[in-house]
Structure formats: structure tokens, C-alpha cells
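Each chain gets a letter, A, B and so on, in the order the sequences are listed, and its residues count up from 1.
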2 protein chains.
Amino acid sequence: MLNYTTSEENYIKSIYHLQKDSDTVNTNSLAAEMQTSAASVTDMLKKLKNKKLLQYERYRGFKLNETGKKVALGVVRKHRLWEYFLVEKLGFDWDKVHPIAEELEHISSDELIKRLEHFLGSPSFDPHGDPIPDRNGKIPVIKQLCLSVVPLKHSVTVSSVANQTPQMLEMLKHYHIGIGTTIIVTRHFEFDGSLEIKILRQPSCILSEQVAKNVFVHYDQ
Amino acid sequence: MLNYTTSEENYIKSIYHLQKDSDTVNTNSLAAEMQTSAASVTDMLKKLKNKKLLQYERYRGFKLNETGKKVALGVVRKHRLWEYFLVEKLGFDWDKVHPIAEELEHISSDELIKRLEHFLGSPSFDPHGDPIPDRNGKIPVIKQLCLSVVPLKHSVTVSSVANQTPQMLEMLKHYHIGIGTTIIVTRHFEFDGSLEIKILRQPSCILSEQVAKNVFVHYDQ
DNA sequence: TATTTTTTTTAGATTTGTCTAAATTTATTT
DNA sequence: AAATAAATTTAGACAAATCTAAAAAAAATA
Ligand SMILES: [Mn+2]
Ligand SMILES: [Mn+2]
Ligand SMILES: [Mn+2]
Ligand SMILES: [Mn+2]
């Protein structure tokens with residue numbers, strides 16, 4: 001497999017994440033995601049098309065082809081393994097690791113990642129509950145649903161969090177919610193969609209719909 | 001402390017290593033060390049002088065000032081901590097870690113290095129026996145001497161290896177010599193300066209002067 | 001000291017990744 | 001279907017890091 005620049009890898013990864021929800025991606029959304037100009041995106045699209053990582057016709061949107069997806073999965077794999085390392089081995093809070101993994105994911109040694117994965121015990125999910133692709137790009141799946149649609153009085157366990165900004169993660173920490181936390185939804189307020197929830201050894205509390213929409217869970221046992 | 005580019009950091013580190021033996025450094029030696037052209041070196045020297053990291057008058061050689069040395073020590077510290085991690089935690093052979101640490105040393109987070117150091121148990125020496133500067137740039141010292149000048153029949157322990165190319169390290173592995181190996185010099189051949197040595201549980205063997213000159217030891221107990 | 005050699009710097013290009021402003025294409029409204 | 005608005009691309013510029021070839025300065029030698 002060829003080597004790509006840090007910049008190329010960042011674009012490829014962003015396209016990968018965007019095309020999961022929308023199939024074909026457009027210039028402006030990528031520019032927004034990357035916090036850069038639309039012109040810069042167009043420049044990079046030409047480069048990635050030349051390198052045969054992208055399906056792209058001008059003005060028509062674009063998407064990664066199979067090669068591009070493989071590259072993206074490799075970067076995602078590295079990113080999430082490093083995040084796991086930072087939290088589980090170095091004791092970082094889970095809301096601090098993203099920017100550091102954003103740099104570490106570009107270290108090029110394959111041997112390093114092979115050994116890192118083994119050292120970490122081949123984890124399947126990163127500290128945010130996101131799946132870690134294996135060496136072949138295969139992603140583990142679990143049946144999860146959004147906390148906002150969980151029926152009352154069912155015990156569920158938090159398996160991932162969609163919005164991973166420090167702001168969101170800070171908030172969840174305040175509620176004592178993390179990956180693996182067991183939750184029972186005790187009330188649902190129709191007025192604003194907020195939820196009353198109960199966490200073991202914590203007083204009941206109210207979550208806004210906005211928060212609940214970003215928390216994903218699976219049913220217990 | 002400001003941030004520097006990967007390229008700047010690599011130049012600063014090379015100058016630091018060169019000026020240890022020669023006080024003032026010249027353009028061609030740095031170009032050789034960095035495997036680049038003299039013109040590129042001159043370009044970078046102007047940049048580093050502008051950033052006030054360097055004493056430099058054209059045609060007159062150059063050296064890092066105190067600020068520059070601090071930056072260099074920070075990079076060296078990161079490089080050696082990562083090498084220690086790669087060998088002690090990930091199980092890499094010591095002759096494989098240098099190029100990977102060459103990338104990892106540029107990851108910018110200070111918090112990361114603080115935690116990595118703690119995770120590793122604040123080691124004082126890297127896998128090649130080179131000292132790891134502490135957070136303030138202070139370097140631990142040990143009294144060491146070159147294996148080629150060790151008197152006969154004294155028990156000494158290998159503390160560092162000067163030439164760290166894969167070729168040299170491969171060779172030392174073949175002789176079962178590593179950091180911490182106990183050695184007794186049993187004969188010294190005047191003809192070519194080669195040494196007969198004895199390592200515990202190994203048959204006697206002969207080291208060329210070229211190898212011995214690169215191995216540093218300290219007296220036992 | 002004059003000449004030659006070596007070292008170092010400058011001049012001018014090139015590549016990568018970025019930008020702003022203008023032009024073009026596509027989409028949405030009247 | 002025009003007109004307007006939005007999205008996208010192109011044109012042209014710039015900074016960083018590199019290069020080669022030529023010029024200039026310093027060092028070594030005759
Ligand atoms: Mn990144
Ligand atoms: Mn994550
Ligand atoms: Mn480096
Ligand atoms: Mn080392």
C-alpha cells in the first residue's frame with residue numbers, strides 16, 4: 001500500500017465519515033468539516049482523483065472508491081487504537097484524546113500499529129464506543145439504539161456517543177455517563193423531549209433531548 | 001514555549017548533536033547529517049536565526065543559543081522516551097526503533113509526554129544507553145569509558161553504544177552484547193587493536209577495534 | 001602573494017497545501 | 001423561462017521546504 005501525506009489522510013478520513021450518512025459528498029460540507037475553503041477542497045479532490053482514491057466529476061459531488069475506503073479505514077483504525085492507548089494506558093480523560101490521536105494517526109509504521117494493537121489486547125471499541133476496524137478493515141458491529149427512543153424501565157448500557165466534542169463529553173462526565181454505564185429511562189417529557197433517567201448509585205436526573213440523541217445504548221444481557 | 005515545524009525540529013536536533021563535538025557547526029556537516037543540500041541548510045539557518053534559536057553569521061559557522069538548546073533537548077527527550085516505549089512496552093528490537101521515534105518525537109502535546117514518562121517509570125536512559133533529559137532539560141550523567149581502553153580482567157557493564165545504525169546494532173546482537181551486558185576483556189591484540197572478550201555463559205570472542213570504539217561501559221559495583 | 005580548491009551563499013525553480021476573488025455551473029425562485 | 005441565489009471551480013497568489021546551478025567568500029596550496 002502506498003503512503004499518503006498527513007493532509008491527504010485527513011481529507012480521506014473526513015470524506016469517509018461524511019459519505020456514511022449521505023452516500024455522495026459535496027464540496028461545501030467537506031470544507032466545513034475540514035475547516036478550510038471550498039477552493040482548497042477542490043484542489044485536493046483533483047489530487048485524490050489522480051491517485052485513484054475517489055469517484056469525482058466536477059460539480060457532481062464525490063465519494064471514495066474501494067481503495068479510498070481502505071485507506072480511510074487504516075487511518076480510522078490507527079486513530080482509535082491510539083485513543084484507546086491514551087485513555088487505558090496513559091490515563092487521559094476521554095474528552096482530551098481526540099486532538100492527540102489526530103496527530104498520532106499519521107505515524108506511518110505498520111509494524112508499530114500491529115504491535116500497539118497486540119499490546120492493547122486487540123480492543124474492539126475506542127473510548128468513545130466507536131468500533132476499531134481490524135487489520136483488514138473489518139468493523140465490529142453491535143445492535144445499538146438511540147437513548148432517546150429507549151422504552152421506559154428497560155435496563156440499557158451506553159455503548160457509544162455520537163457527538164465527541166469536549167463540550168459534550170464534559171457534560172456527560174458531569175452526569176456520570178460513560179461507555180459501559182447502565183441506565184434506566186424512568187420518564188419521558190413530551191414537551192421538550194427530555195428524559196428522566198436513573199443511574200446506579202446516582203440520584204435521578206434529567207437529560208435534554210439534544211444530549212439523549214447523541215447517546216447510543218444496547219439492551220442488557 | 002512556541003511550536004516549531006517537524007523540519008525545524010529535525011534541523012535543531014541535528015545541530016545540537018553536532019555542536020556537542022565541535023562547538024561551532026558548519027554548513028556542510030549539517031547538510032551531510034541531514035542528507036540534504038548545503039543550500040537548503042543555509043535557507044533553514046536564516047529561518048532559525050530569525051526565530052532567535054541560533055547564533056549565526058554568514059560564512060562564519062553557527063551554534064544553538066540557550067533557547068535553541070532547550071528546544072533541542074525537548075525533542076531529544078521525546079525521541080528517547082518513545083524509543084524506550086517501543087522497546088520496553090511494544091517489544092521492538094532496539095535496532096528498529098529509531099526511524100519510528102524520528103516521527104513520534106514531533107507529536108506536540110506536552111501532556112502526552114508528561115504522562116508517557118510517568119507510564120514508563122521515568123527512565124533515565126533509552127534502549128541505546130543514551131541519557132533521557134528530564135522536563136527541565138537536565139541530562140543524567142554516568143562515568144563511562146570506551147571498551148577499547150578498558151584494562152584487562154576488569155568486569156565492566158555496557159552502558160551505551162555510539163554508532164546506532166541497524167548494521168552496528170545487528171552486529172552487537174550477534175555477539176550477544178546489549179545495554180547491561182557484563183564483559184571482561186581478556187586479551188588485547190596490538191596488531192589491529194582487536195579485543196578478546198568474555199561474556200557470561202558465552203564462549204570467548206574477538207571484537208574488532210572499530211566495534212570496541214563504539215561501545216561504552218562503566219566499572220561494575 | 002597569487003592561484004586553486006573548498007565552502008557557503010544567492011538566484012531562480014518546483015512541489016505541496018493553502019488562500020481570496022472572480023468566473024462558471026447548477027439549483028431555486030419568481 | 002428569466003432572474004436570482006447557492007455551490008463549485010478556476011485563476012492567481014503566497015509560504016514552507018526543497019532543489020540545481022551560478023556566484024561569492026574563505027581556506028589551502030603553490
Ligand atoms: Mn489527523
Ligand atoms: Mn474516538
Ligand atoms: Mn524527526
Ligand atoms: Mn536512542
- Apply the salt bridge (Lys or Arg N to Asp or Glu O under 4.0 Å) test between E117(A) and each candidate in R80(A), R77(A), K78(A); give the one that qualifies. R77(A)
- Task: Taking only the side-chain heavy atoms of T5(B) (C-beta and beyond), determine which of dG17(C), dA16(D), dT18(D) contains the nearest atom.
- Result: dA16(D)
- Message: Any N or O donor-acceptor pair under 3.5 Å from the base of dT24(C) to the side chain of Y59(A)?
- Response: yes
- Nearest-angstrom distance from the residue atom NZ of K51(A) to P of dG17(C): 7 Å
- Message: Distance check needed: dT9(C) P versus L30(B) CG, whole Å only.
- Response: 11 Å
- Heavy atoms under 4.0 Å, any strand shown: does S40(A) hit a base, just sugar-phosphate, or nothing? base
- Message: Check this one for me: any side-chain N or O of K47(B) less than 4.0 Å away from OP1 or OP2 of dA16(D)?
- Response: no
- Determine the contact category for S37(A): base if any of its heavy atoms lies under 4.0 Å from a base atom, sugar-phosphate if only primed atoms, P, OP1 or OP2 are that close, otherwise nothing. base
- Message: Please confirm whether the shortest side-chain N or O distance from R60(A) to OP1 or OP2 of dT25(C) is below 4.0 Å.
- Response: no
- Message: Check for me whether the distance between the ring centres of F85(A) and F85(B) falls short of 6.0 Å.
- Response: yes
- Item | Inter-axis angle, terminal five-pair segments of the helix from dT1(C)-dA30(D) to dT30(C)-dA1(D) [nearest 10°] | 10°
- Note on the structure: Exactly one candidate in K51(B), K49(B), K47(B), K46(B) meets salt bridge (Lys or Arg N to Asp or Glu O under 4.0 Å) with E8(B); the answer is K51(B)
- How long is the line joining CG of L54(B) and P of dT8(C), in whole Å? 14 Å
- Message: From CG of L45(A) over to C1' of dT16(C), roughly how many Å is that when rounded to an integer?
- Response: 16 Å
- F62(B) near the nucleic acid: base, sugar-phosphate alone, or nothing, with a heavy-atom cut-off under 4.0 Å? nothing
- At under 4.0 Å, does any side-chain N or O of Y4(A) touch on OP1 or OP2 of dG17(C)? no
- Query: Does a side-chain N or O from N28(B) land closer than 4.0 Å to OP1 or OP2 of dT6(C), or not?
  - Reply: no
- Task: Using a 4.5 Å cut-off on heavy atoms from C-beta on, say whether the side chain of M34(A) contacts that of M44(A).
- Result: no
- dA17(D) P sits how many Å from Y11(B) OH, rounded? 9 Å
Using a cut-off of under 3.5 Å, enumerate the N/O to N/O pairs linking the protein to nucleotides 10-14 of chain D.
| unit_1 | atom_1 | unit_2 | atom_2 | d |
| --- | --- | --- | --- | --- |
| dT10(D) | OP1 | R58(A) | NE | 3.2 |
| dT10(D) | OP2 | K46(A) | NZ | 2.8 |

- Item | Aromatic centroids of H98(B) and H128(B) separated by under 6.0 Å | no
